[in-house]
Amino acid sequence: MAQKITKREQDYSQWYLDVVKEAQLAEHSPVRGCMVIKPTGMALWENMQQGLDTMFKETGHQNAYFPLFIPKSFLSKEAQHVEGFAKECAVVTHSRLKAVDGGVEVDPDSKLEEELIVRPTSETIIWDTYRNWIQSYRDLPILINQWANVVRWEMRTRLFLRTMEFLWQEGHTAHATKEEAVAETEQMLEVYRTFAEEYMAMPVITGAKTESERFAGAEETYCIEALMQDGKALQAGTSHFLGQNFAKAFDVKFQDSDGEHKLVWATSWGVSTRLIGGLIMTHSDDQGLVIPPKLAPVQVVIVPIYRDDEQRATVLEYGQSIFDELKEAGVRVKLDDRDNYKPGFKFAEHEARGIPLRIAIGPRDVEKGNVELARRDTLNKTFESRDGIADLVQELLVTIQNDLFEKAKNLREEMTSHVDTYEDFKKVLEEKGGFIYAHWDGTPETEELIKQETKATIRCIPFGDSEEGKCMVTGKPSKKKVLFAKAY
RNA sequence: CGGGGAGUGGCGCAGUCCGGUAGCGCAUUCGCUUUGGGAGCGAAGGGUCGCAGGUUCAAAUCCUGUCUCCCCGACCA
């Protein structure tokens, strides 16, 4: 069998690129660092959007849309924010081209009075807008989400994991009190955790970022961190408590019920198409993509097998009846009746594309009233009765969803270590990788030192249990272990 | 920005050292045979060799310049 996908142990990066390609999720575009998301990849993203959007709405948020362009001056209003994003902004300086012997060039006469920045994130334009929307405590809270594209001029890119333009959602909320804003930040992190675990079947650790890893302009950044199969961590989503920084920068105040004028409290939170990269690296194998049923654009594919036109007609009729029954049951099902590919080719193709369940039917099955059922996650094949197939499929889809989560969780546990000394830390990092819990003295200096020497970063200060100890590097007191890993 | 690699039919590549009719595999189209794990045979279509100059009777090939992409590092969701 021709193997089109590089084995993971041979070259993990190449494996990742091969999976993306063979699953037909995306491809490189003519534009450096930008990708073309193909229909299959977009369908996957749309399912993710739908899941998240529903959860946003259930927690009281509404969608809105703000401009792609941000006046340059807006970026200068929040000092830390500028510092964080200034080095990676696309800038629009002119408004037109002119034809010059066969080609075009930028028309120097069209230079803009004020340059426009292509949004790297929308806090500035949104807070500039909120100033006009907020006068009274009765105008609060504002709970808005935006689905958009943003641009960050990255040095190096990888499909889905880091592209110059990417799709995401960004929530931007405004609150009257600090407590309410903090609660919102926590709530949205929990939404992300739930989505990652229940939809993507991707277990995550929740926690707070250290000061140096914090979002530019945030008082506190919470995150979900996932562990990929190669032992590297992926920051999968962030929720920021922005304090009153943006309210100050954009002069957003409200008159409270006590008559006082006060600054508004803010949060922002986002996840991006990077989640697709995380999904791929959490579940997929050497045969290609594996997608959890809840997010799979196609959950079941029916592959008919036949020798001649007569058999084809019989088998297709049988397949169509199964298709109808599954569709009726609400399963996303596809009947692959293409006549120009052999079954073996189709099997391999559907596996590469990660379709959770495959039903193969041939003349023998029609005769016996059977189907051959193959699970993508385990690659196990069984023969089942055609009767009651819809119930069985629905049960199996749930089972697969759960099994994928358990499998990913077990792998993460295996790849998670606790160390007490810096020597052990380096050793584990070298030999095993993965998540490493260790004590840290809480200083940026020590964090930086560890990063320089080992390339591992503090992924987060996990929520939950605390266990006092001593910093593995300096021996100074530490309140709890923090989570280290090499990251994407 | 440092290091490495590559630009030749839609995709993957050979040809370049040593200049002489642009080739192979996959894909595509048509026909026949096939179809329970990536089918076989036959035929056909498709390329100003990244771009711009130069050398030459003759350039994918030699020279000069230039652009782009990919991979590895520093930076980042």
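Computation of the quantities below employed the complete heavy-atom set of this structure, encompassing side-chain atoms and omitting hydrogens, waters and symmetry-equivalent molecules. Order of the sequence lines sets the chain letters (A, B, ...), proteins ahead of strands, with each chain counted from 1.
- Relative to the side chain of A/E349, the nucleotides B/C75, B/G36, B/G38 differ in distance, and B/G38 lies closest.
- A distance of about 16 Å separates the P atoms of B/A6 and B/C17, rounded to the whole Å.
- Distance from the side chain of A/F345 is smallest to B/A39 among B/G37, B/C70, B/A39.
- Heavy atoms of A/E351 sit under 4.0 angstrom from at least one base atom.
- Taking only side-chain atoms of A/F383, from C-beta outward, the nucleotide of B/G73, B/G36, B/G37 with the closest atom is B/G36.
- Residue-to-nucleotide proximity on RNA chain B shows that, of A/A352 and A/Q235, the 5′-proximal contact is made by A/A352.
- Of the P atoms belonging to B/U64 and B/G45, the separation is 40 Å, rounded to the nearest Å.
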Residues A/Y341, A/F347; criterion side-chain contact (heavy atoms from CB on, under 4.5 Å); working and verdict = CA-CA 10 Å; A/Y341 293 106; A/F347 292 169; over 6 Å; no
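- Only the C1' atoms considered, B/G2 is 39 Å distant from B/U56, to the nearest whole Å.
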For nucleotides 27-35 of chain B, list the nitrogen or oxygen atoms of the protein found under 3.5 Å from its nitrogen or oxygen atoms, one pair per line.
residue, atom, partner, partner atom, Å
B/U35, OP1, A/R307, NH1, 2.6
B/U35, OP2, A/R307, NH1, 3.2
B/U35, O2', A/Y306, O, 2.8
B/U35, N1, A/Y306, O, 3.4

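- Among the nucleotides B/G36, B/G38, B/C70, the one closest to the side chain of A/H28 is B/C70.
- A 4.5 Å side-chain heavy-atom check between A/I126 and A/F246 finds every atom pair outside the cut-off.
- In terms of phosphate contacts, A/S13 brings no side-chain nitrogen or oxygen within less than 4.0 Å of OP1 or OP2 of B/C71.
- Aromatic rings from A/Y130 and A/F250 are positioned such that their centres are separated by 6.0 Å or more.
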